[in-house]
Amino acid sequence: MSDSNDQAVENNTVSDDYLNKRQLKKGVAGWVLLASLGVSYVISGDFAGWNFGLERAGFGGMLLATIVMGLMYLCLILSLAEMSSSIPTAGGGYSFARRAMGPWGGFLTGTAILLEYAIAPAAIAIFIGGYVNELIGIDGPVVYAVFYCAFVGIHLWGAGEALRIMMGITILAVIAILVFALGMLPHFDINNLFDIPVQADVAGASVFLPEGYLGIWAALPFAMWLFLAVEGVPLAAEEATNPAKDMPRGIIASMLLLIVFAAVVLILVPGGAGAEAMKSHSAPLVGALQAVYGTDSFAAKFVNVVGLFGLIASFFSIIYAYSRQVFALSRAGYLPRFLSLSGERKVPVWALIVPGVIGFLLSLSGEGDLMITMAVFGATVSYALMSLSHILLRQKEPELARPYKTPGGTLTSGIALVLSLVALASTFVVSLQAALWSALFYAVMLTYFALYSRHRIVANAPEEEFDLISSAESELS
């Protein structure tokens, strides 16, 4: 942390009682549970939302966008695996940026992550409504409220219980993808991938790229939906059994599984039912099975019922993620301190409830694709800052203990940094409205930090102590 950053904030020492009231339960997650958490964060993206990219770019454009974003996430995950093994706190990306760039960098990163995790459940709630509507004909605010109340409530019950339930739900979602794949493989026809009409007046338009070169750009946010939020695994660091070993194993394993699932749905949904028919379907896996087996087929009904668990898994797990991000920022004084209070069961009560209320209100808009773009805006900003943190930490603290080292070093995180900036720019192409709303949220949060919370940073919060220890060591050396 630079001297200018030291002067820009005011550190406050708090009593032991302050931190005692802000504790998480230790040792509840091994690497297998962490891997399932990473899959849980993302797996809803396989069931809904990604197919809007077909509308923007056709199959060819969406395929290229997915390859580029898959590379970005893989490089990011390898960078986070290193940092999470070195700096295992509940702040995740915020903690890494705080160590590398000081309080302002930490807050910028934490706010971006918070924007992503507060809004993503709202989008998923809307998609859950679409699946429930297919099943029993009920959609809208009642569905959103029931799911928010139920799953925030489970998290309030306890972290260990919630993570185990989450793992069970995720296994059901994976079974749904496997059933879908087995059902669609016999009906795959490569010609179905390219049945979207070509826009002749667009640069680069072809059967492979019906919306031209610009379509690839516009599809990036929807390609991200196949991987979005996997970077949240480090938020469980304080609850991991052995963070130095478990965090890298868990996050890398989850990313590899997600690449496989992304390939399955991207190829088999349009390849079986046609890209044109599936490009705006609210439940594309169910729609694809209905197209080849009939509306009342067992396969379609099974994937509709069990596939709902894919959306629930991500909804459930991202609630966990936003609560830990809010908890860490609040405990350190960046957000109102009451948000980090934990009850007898050592879960952050208000950090679960307050963002849940905000997310429910956002879901009432019914604009799932708008919510996706807003979540992607926050995500891409955080990815750029986390990648930069990896580069800076390698330069500033070469002697930092690194139980796991990123293959390729700063070249790997450099690729993630460049591609995240490309993805950020794409959000303005897809929806200027979403990008501007996201930017407004960012501006409000930064104003709050500049005028209020930077004067009330908690010096003995774990993320701040990491930096103080590092500063002291550098002065002695």
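All heavy atoms count here, side chains included; hydrogens, waters and symmetry mates do not.
Other residues, nucleotides and ligands place no more than 12 heavy atoms under 6.0 Å from the OH atom of Tyr213. Heavy-atom contacts from other residues, nucleotides or ligands closer than 6.0 Å to OH of Tyr452 number 12 or fewer. In Ile190, the CD1 atom is not crowded: 12 or fewer heavy atoms of neighbouring residues, nucleotides or ligands sit closer than 6.0 Å.
Inspection of the Thr406 and His390 side chains reveals an N or O donor paired with an N or O acceptor under 3.5 Å. Looking at Ser317 and Ser40, their side chains never bring a donor and an acceptor atom within 3.5 Å of each other. Looking at Tyr73 and Tyr383, their side chains do bring a donor and an acceptor atom within 3.5 Å of each other.
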Item to check | Chi angles and distances behind the side-chain contact (heavy atoms from CB on, under 4.5 Å) call for Leu285, Leu268 | outcome: CA-CA 9 Å; Leu285 274 64; Leu268 292 182; over 6 Å; no
Item to check | Leu235/Tyr322 under side-chain contact (heavy atoms from CB on, under 4.5 Å): CA gap, chis, key distance, verdict | outcome: CA-CA 9 Å; Leu235 292 167; Tyr322 77 54; over 6 Å; no
Next on the checklist: If you apply the rule side-chain contact (heavy atoms from CB on, under 4.5 Å), what do you find for Gln325 with Leu329, and how did you get there?
Outcome noted: CA-CA 6 Å; Gln325 187 65 79; Leu329 288 168; 3.8 Å; yes
Checklist entry - Under the side-chain contact (heavy atoms from CB on, under 4.5 Å) criterion, do Trp217 and Val422 qualify, and how do the steps go? => result CA-CA 9 Å; Trp217 188 274; Val422 171; 4.0 Å; yes
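To the nearest 0.5 Å, the span separating CG on Leu228 from CD1 on Ile318 amounts to 6.5 Å. Atom CD of Gln433 and atom CH2 of Trp437 lie 8.0 Å apart (nearest 0.5 Å). In this structure, CG in Leu335 is found 7.0 Å from OG in Ser453, a value given to the nearest 0.5 Å. Glu82 contributes atom CD, which lies 13.5 Å from atom CE of Met247 (distance to the nearest 0.5 angstrom). To the nearest 0.5 angstrom, Leu214 atom CG is 11.0 Å from Leu209 atom CG. For the atom pair CG of Leu74 and OG of Ser79, the computed distance is 9.5 Å after rounding to the nearest 0.5 Å.
The side-chain heavy atoms of Pro284 and Val265, taken from C-beta on, include no pair separated by under 4.5 Å. Residues Leu385 and Met101 have side chains in contact (heavy-atom distance under 4.5 Å, counting atoms from C-beta outward). Residues Leu361 and Ile358 are not in side-chain contact: their nearest non-hydrogen atoms beyond the backbone lie 4.5 Å or more apart. Arg249 has its side chain out of reach of Tyr404: every pair of non-hydrogen atoms, C-beta onward, lies at least 4.5 Å apart. Contact check for Met386 versus Thr109: side-chain heavy atoms found under the 4.5 Å cut-off. In this structure the side chain of Phe261 reaches within 4.5 angstrom of the side chain of Val174, judged on heavy atoms. Side-chain contact between Ser365 and Leu370: absent, with no pair of heavy atoms (C-beta onward) separated by less than 4.5 Å. Side-chain contact between Met224 and Thr427 is absent, with no heavy atoms from C-beta onward closer than 4.5 Å.
No cation-pi contact links Arg56 to Phe52, judged by a cut-off of 6.0 Å to the six-membered ring centre and 45° from its axis.
Below 30°, between 30° and 60°, or above 60°: for Tyr117 and Tyr41 the angle between ring planes is below 30°, a parallel geometry.
Between Val376 and Pro221, the shortest heavy-atom distance links the atoms CG2-O, 3.7 Å. Counting all heavy atoms, side chain and backbone alike, Gly310 lies closest to Ala173 at CA-CB, 3.4 Å. Minimum interatomic distance between Gly58 and Pro210 (heavy atoms only, all atoms of both residues): CA-CG, 3.6 Å. Closest of all the heavy-atom pairs between Ser387 and Ser413 is CB-O, 3.4 Å. Between Pro270 and Asn192 the shortest heavy-atom distance is O-CB, 3.2 Å. Looking at every heavy atom in both residues, Ala288 comes nearest to Val269 through CB-O, 4.1 Å.
A donor-acceptor pair under 3.5 Å is absent between the side-chain atoms of Ser254 and the main chain of Gly38, judged by distance alone. Remark: the backbone N or O of Met278 is paired with a side-chain donor or acceptor of Asn51 at under 3.5 angstrom. Although no hydrogens or angles enter the test, the distance criterion places a donor-acceptor pair under 3.5 Å between the side chain of Asp195 and the main chain of Glu276. A donor-acceptor pair under 3.5 Å links the side-chain atoms of Ser330 to the main chain of Ser340, judged by distance alone. Here the side chain of Thr410 pairs no donor or acceptor atom with the backbone of Ile391 at under 3.5 angstrom. Remark: side-chain polar atoms of Arg337 are not paired, donor with acceptor, to backbone N or O of Val458 under 3.5 angstrom. Using modelled atom types, no side-chain atom of Thr111 and backbone atom of Leu108 make a donor-acceptor pair closer than 3.5 Å. A donor-acceptor pair under 3.5 Å links the side-chain atoms of Thr380 to the main chain of Phe377, judged by distance alone. For the pair Ser314 (side chain) and Ile43 (backbone), a donor-acceptor distance under 3.5 Å is present. When atom types are taken as modelled, the side chain of Ser426 and the backbone of Ala218 share no donor-acceptor pair closer than 3.5 angstrom.
Phe316 and Phe147 have their aromatic ring centers separated by at least 6.0 angstrom. Aromatic ring centroids of Tyr334 and Tyr94 lie under 6.0 Å apart.
If you run side-chain contact (heavy atoms from CB on, under 4.5 Å) between Ile319 and each of Arg324, Met166, His155, only His155 comes through.
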